[in-house]
2 protein chains.
Amino acid sequence: MLTIKEIAEMAGVSRTTVSRVLNDSGYVSDEARKRVVKVIEETGYIPSQQAKSLRTKKTKVIGVVIPKLGTETSGRLVNGMNEVFSKYGYQILLTSSNLEPQKEIEYLRLLKSRQVDGIILSATTISDELITEIHQLKMPFVAVGQNIPGVANVIYDDFNASKAMTGLLIERGRKNIAFIGVPESDQAVGIERKQGFIKQMEKHNLLIRPEWMAIADFSITSGYHAMSKIIENAAGWVPDGVFCVTDRMAIGAMQYLKEAGHRVPDDISVAGIGASDISKYFQPALTTMDYENEVAGQEAAQILLAQIEKSENFQKTITLNGRLIERDSI
Amino acid sequence: MLTIKEIAEMAGVSRTTVSRVLNDSGYVSDEARKRVVKVIEETGYIPSQQAKSLRTKKTKVIGVVIPKLGTETSGRLVNGMNEVFSKYGYQILLTSSNLEPQKEIEYLRLLKSRQVDGIILSATTISDELITEIHQLKMPFVAVGQNIPGVANVIYDDFNASKAMTGLLIERGRKNIAFIGVPESDQAVGIERKQGFIKQMEKHNLLIRPEWMAIADFSITSGYHAMSKIIENAAGWVPDGVFCVTDRMAIGAMQYLKEAGHRVPDDISVAGIGASDISKYFQPALTTMDYENEVAGQEAAQILLAQIEKSENFQKTITLNGRLIERDSI
DNA sequence: AGTTTTTATGGAATCGATTCCACATTTAGC
DNA sequence: GCTAAATGTGGAATCGATTCCATAAAAACT
């Protein structure tokens, strides 16, 4: 491993001068600069960021914690962040909690120990322990997707998105609407979206049947099973609409309906949230809500950078609205 | 920011002793250890990995370069790696080249400058420049998906996978088979898979029509357009099978066929490669090849760890075979 | 009791960069 | 021609950890 000392010797200058060339700082004569540059090129020397950031206290690395690697949502989110960060010379240290709450806390610590310049957390469930940990962090921080008190947030307006989608279902004449949600441990998806549905139904004086309210786990398969259970429980009475809080569950539900001989949307309408890639190509194409995760990622990155570079410590919260995408499933 | 020095002072011991407690090394009396542990817990002190690895020359970070964030393939691959790495206390610094070859080289340098302990590259196109750069790296390295000479590789047997899939099509009585591939700049997907198709067709003395050989760009939409062009060019003659080198393009092709009134698989069979999530739920369910990217990720991680920890410098190449998944599209 | 071994502790060097400061040499200003 | 400012260079301290080495006290052997 080549070091600055060796480069200095080879170029016949001091480490200080090499450092100046490297960082374009201070005074360096053309003559000396040329010699240094030449040696660097010949040797392929790459300075150790390690040593540099030990001294400068800046790593130019942002820690990001996402729930699961390789999901569309996380992918888009991280892409959005990356766009902004790379523009400013920052890199992302990506960690995935794999949906284990304990890992989130662990990774937060780990990221701090790696001296990242800031952290973005895309959480699913927020425990008190997690909140405590976050507050102990005392470093630039932004939460995405879930509202965490006392810190900067980029969140989606889940309540109104859900309400709007339910409204669309009703507008199209659907009255007996089933609901496929997720556990309430997830505040945004589990509670907010459910509340949006309930409020809208109540507003129109529509009956919410408990036996038509299923809970699934985000997967396509779970949507399939939830739908089958609802239809079986229906016993004669069949819903004329289903609102699924995620696209993948909606896909599963549609799949079941098709197999069971129900026509979508003629007999029964299906709606999702997320505008996943698959939703466009499935038949019938799913009516859904685009959450524009890239934008969320960009916003989160911007806020974090403001905290880092201008050391603004605001607890700014940005709320993003979903964009309704009407297709063929309603 | 708390440092080891401050902890030492607060506990009334030397930095050396604190370090020993931290790393469970050397001799420390119970009495001293207790005092140190107490101070650490009270203060929430987290040692700087930065400083540690400057000294130890080990960062416990692995650099990973993938072509695109948020794709299923990359997601699975990275998940597989992560499984292995996290078991041994390593973390992944993930970078995405966003399909720009220049960025691959740039990130390789960047990762080296961050002193990662090793690098895994999942490349799509391999230029001479890239190969030169890799050889200059002189650090633990594994390439995934593309065969790069002179280094360790984990590759898929694209040629035989493609041959097998084409064979299945033929076995089912298909004779007039169209082909949707990708540009040849991608050695594995563009060339190997195409050759597998060609060799199998030739073996059975089947005609390969140039006008039925389309080139698309991995996307669903491009598959759709490629298929439409083939059908249009067919002018009367319609193929009875299409082999698409990726699932997403196969989905696009099927979509077009459906819209154009061709029945899959009755009139025309469709085959893909990749076992993507969507392929299972699309109708008809796509017959495809599972490349088991998680396994590839695990293997790559294992090989890299062997290089790092046992400093084995072998140019081991592991070839993974695809697993045929027969569903309804053939 | 005297010697060796084990246990315990801290001082100081080290990793590879940056940066403050001192000093030397030019160049500019009057 | 003399002082002041600009330019150029390197020595040495520093960042926060680990680790070699020296030293001392306690425990274990003759």
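Letters A, B, ... are given to chains in the order of the sequence lines, protein chains preceding strands, and every chain is numbered from 1. What you are looking at is a predicted structure, and each value in this text was computed from that prediction instead of being measured.
- If you check every strand for non-hydrogen atoms under 4.0 Å, A/S48 touches sugar and phosphate atoms only.
- Under 4.0 Å is where a charged nitrogen must lie from a carboxylate oxygen, and between A/R33 and A/D24 at least one such pair does.
- Rounding to whole angstrom units, CD of residue B/E31 and C1' of C/dA8 are separated by 12 Å.
- Looking only at atom types and distance, the side chain of B/N293 has no donor-acceptor partner in the side chain of B/E72 under 3.5 Å away.
- Distances shown here put every side-chain N or O of A/K57 at or beyond 4.0 Å from the OP1 or OP2 atom of C/dT18.
- Defined by atom type and a distance below 3.5 Å, a donor-acceptor pair is missing between the side-chain atoms of B/D157 and B/Y291.
- A donor and an acceptor atom, one from each side chain of A/Q50 and B/Q50, are nowhere located under 3.5 Å apart.
- Residues of residues 106-119 of chain A that place a heavy atom closer than 4.0 Å to DNA chain D do not occur.
- Between the CD1 atom of A/I4 and the P atom of D/dG10 there is a distance of 12 Å, rounded to whole Å.
- Phosphate contact (OP1/OP2 of C/dC15, side-chain N/O of B/K52, threshold under 4.0 Å): absent.
- Proximity of A/T3 to the phosphate of C/dG16: no side-chain N or O atom is located under 4.0 Å from OP1 or OP2.
- Residue-to-nucleotide proximity on DNA chain C shows that, of B/G26 and B/T56, the 5′-proximal contact is made by B/G26.
- The residues B/E83 and B/K87 are annotated as not salt-bridged, no charged nitrogen and carboxylate oxygen being separated by less than 4.0 angstrom.
- For A/T17, the listed nucleotide lying nearest its side chain is D/dT9; candidates were C/dA17, C/dT9, D/dT9.
- Atom CZ of A/R35 is separated from atom C1' of D/dG10 by 13 Å (rounded to the nearest Å).
- Base engagement by A/S19 is indicated by at least one non-hydrogen atom pair under 4.0 Å involving a base atom.
- Looking at A/T124 and A/V189, their side chains never come closer than 4.5 Å, going by heavy atoms from C-beta outward.
- We find that A/R109 and A/E133 are joined by a salt bridge, their nearest charged nitrogen and carboxylate oxygen being less than 4.0 Å apart.
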Quick test: give all pairs of protein nitrogen or oxygen and nucleotides 21-29 of chain C nitrogen or oxygen below 3.5 Å, distance rounded to 0.1 Å.
none

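- If you measure from atom OH of A/Y27 to atom C1' of D/dT7, you get 6 Å, rounded to the nearest angstrom.
- Protein atom CZ of B/R55 is 12 Å distant from nucleotide atom P of C/dA13, rounded to whole Å.
- In this structure, B/Q50 places its CD atom 15 Å from C1' of D/dT18, rounding to the nearest Å.
- Taking all atoms of both residues into account, the shortest heavy-atom contact from B/Y88 to B/V84 is CD1-O, 3.2 Å.
- Atom CG of B/L54 is separated from atom C1' of D/dT19 by 14 Å (rounded to the nearest Å).
- One atom, CZ of A/R15, and another, P of D/dG11, lie 9 Å apart when rounded to the nearest Å.
- Looking at B/N153, its side chain never comes within 3.5 Å of a backbone N or O of B/I155 through a donor-acceptor pair.
- Within 4.0 Å (heavy atoms only), B/T16 reaches at least one base atom of the nucleic acid.
- No engagement by B/K5 is indicated, since no non-hydrogen atom pair under 4.0 Å with the nucleic acid exists.
- Within the 4.0 angstrom heavy-atom criterion, only backbone atoms of the sugar-phosphate kind lie near A/V13; the bases stay farther away.
- When all heavy atoms are compared, the tightest approach of B/Y156 to B/A296 is OH-CB, 3.2 Å.
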